[in-house]
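Working notes for the structure below.
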Amino acid sequence: MLCADEPDLVVGLLLLSYPLHPPRKPEQLRTQHFPKLQTPGLFVHGTRDPFGTIEELQTALRLIPAQTKLAPAEGVGHDLGFKGKARPEGLPKMVREQFERFFS
């Protein structure tokens, strides 16, 4: 939200598990500031995230006039798989590679 009001604050955003809406409340979208965003953003989002589906996020990203990219994290939820003992082995590498491609 800060970058929507101050577009020169940063050159890019990395958003991990953006909470598009509260779980089970898709009518309460948190996108009011999206049309004002002039900052490019890379969104990493789990395919099982209860705060928004991949399809819902794709639709919401169309509201942002700046360049955006969605990098789905397969099979993980809002915690991107870092809750508990299991760890998503390839996720950090995927995020780094997507980040380097998007912001280069």
Side-chain angles (χ1 to χ4, degrees):
M1 288 186 250
L2 180 60
C3 289
D5 291 332
E6 296 187 37
D8 296 327
L9 188 63
V10 297
V11 296
L13 297 169
L14 172 62
L15 298 109
L16 303 174
S17 296
Y18 182 79
L20 187 60
H21 58 70
R24 297 174 302 285
K25 296 182 180 179
E27 69 283 358
Q28 295 180 17
L29 291 175
R30 297 169 176 154
T31 58
Q32 298 83 352
H33 60 290
F34 278 17
K36 291 175 51 181
L37 274 173
Q38 301 298 317
T39 308
L42 172 62
F43 289 73
V44 179
H45 200 77
T47 58
R48 295 176 48 210
D49 192 330
F51 288 84
T53 67
I54 295 297
E55 294 77 20
E56 289 170 332
L57 198 54
Q58 287 171 329
T59 299
L61 293 184
R62 292 187 196 112
L63 299 171
I64 300 174
Q67 181 183 6
T68 62
K69 178 169 178 54
L70 175 59
E74 292 296 326
V76 297
H78 191 68
D79 61 10
L80 293 176
F82 286 95
K83 186 176 182 180
K85 294 180 182 180
R87 298 285 184 252
E89 296 286 324
L91 185 63
K93 180 181 178 190
M94 182 275 282
V95 172
R96 187 186 75 244
E97 289 171 352
Q98 292 284 339
F99 182 89
E100 289 171 351
R101 269 192 293 253
F102 186 73
F103 290 110
S104 64

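Positions are given from 1 along the sequence.
- One hydrophobic cluster, built from ILVMFWY side chains closer than 4.5 Å, holds both Leu2 and Ile64.
- The aromatic rings of Phe43 and Tyr18 lie perpendicular to each other, with more than 60° between the two planes, well past the 30° mark.
- More than 12 heavy atoms of other residues, nucleotides or ligands sit less than 6.0 Å from atom CZ of Arg96.
- Tracing side-chain contacts under 4.5 Å through hydrophobic residues (I, L, V, M, F, W, Y), one reaches Val10 starting from Leu61; they form part of the same cluster.
- One finds the SG atom of Cys3 at 9.0 Å from the NE2 atom of His33 (value rounded to the nearest 0.5 Å).
- For the residue pair Pro40 and Ala66, the shortest heavy atom distance occurs at N-CB, 3.9 Å.
- Listed by first and then second residue, the salt bridge (Lys or Arg N to Asp or Glu O under 4.0 Å) pairs that reach into residues 46-73 come to none, sequence neighbours excluded.
- The two residues Leu80 and Leu91 come nearest to each other via the heavy atoms O-CD2, 3.4 Å.
- Ring geometry for His78 versus Phe51: interplanar angle of 30 to 60°, hence tilted.
- Of all heavy-atom pairs spanning Leu37 and Ala4, the tightest one is CD2-N, 3.7 Å.
- Hydrophobic cluster membership is shared by Leu14 and Met94, with clusters built from Ile, Leu, Val, Met, Phe, Trp and Tyr side chains linked at under 4.5 angstrom.
- Put simply, Phe102 and Phe34 are part of two different groups of oily side chains (I, L, V, M, F, W, Y) that touch within less than 4.5 Å, one to the next.
- In this structure the side chain of Lys36 reaches within 4.5 angstrom of the side chain of Asp5, judged on heavy atoms.
- Here the closest heavy-atom approach between residue Arg30 and residue Pro22 is recorded as NH2-CG, 3.4 Å.
- Listed here is the closest heavy atom pair of Ile54 and Pro72: CD1-CB, 3.9 Å.
- Under a 3.5 Å cut-off, the side chain of Thr47 and the backbone N or O of Gly75 do form a donor-acceptor pair.
- The CZ atom of Phe103 lies 6.5 Å from the CG atom of Leu13; values are rounded to the nearest 0.5 Å.
- Just one residue in the list Leu15, Leu70, Leu20, Thr53 forms a side chain to side chain contact (heavy atoms under 4.5 Å, CB included) with His45, and that residue is Leu70.
- Of all heavy-atom pairs between Gln28 and His21, the closest is O-CB, 3.5 Å.
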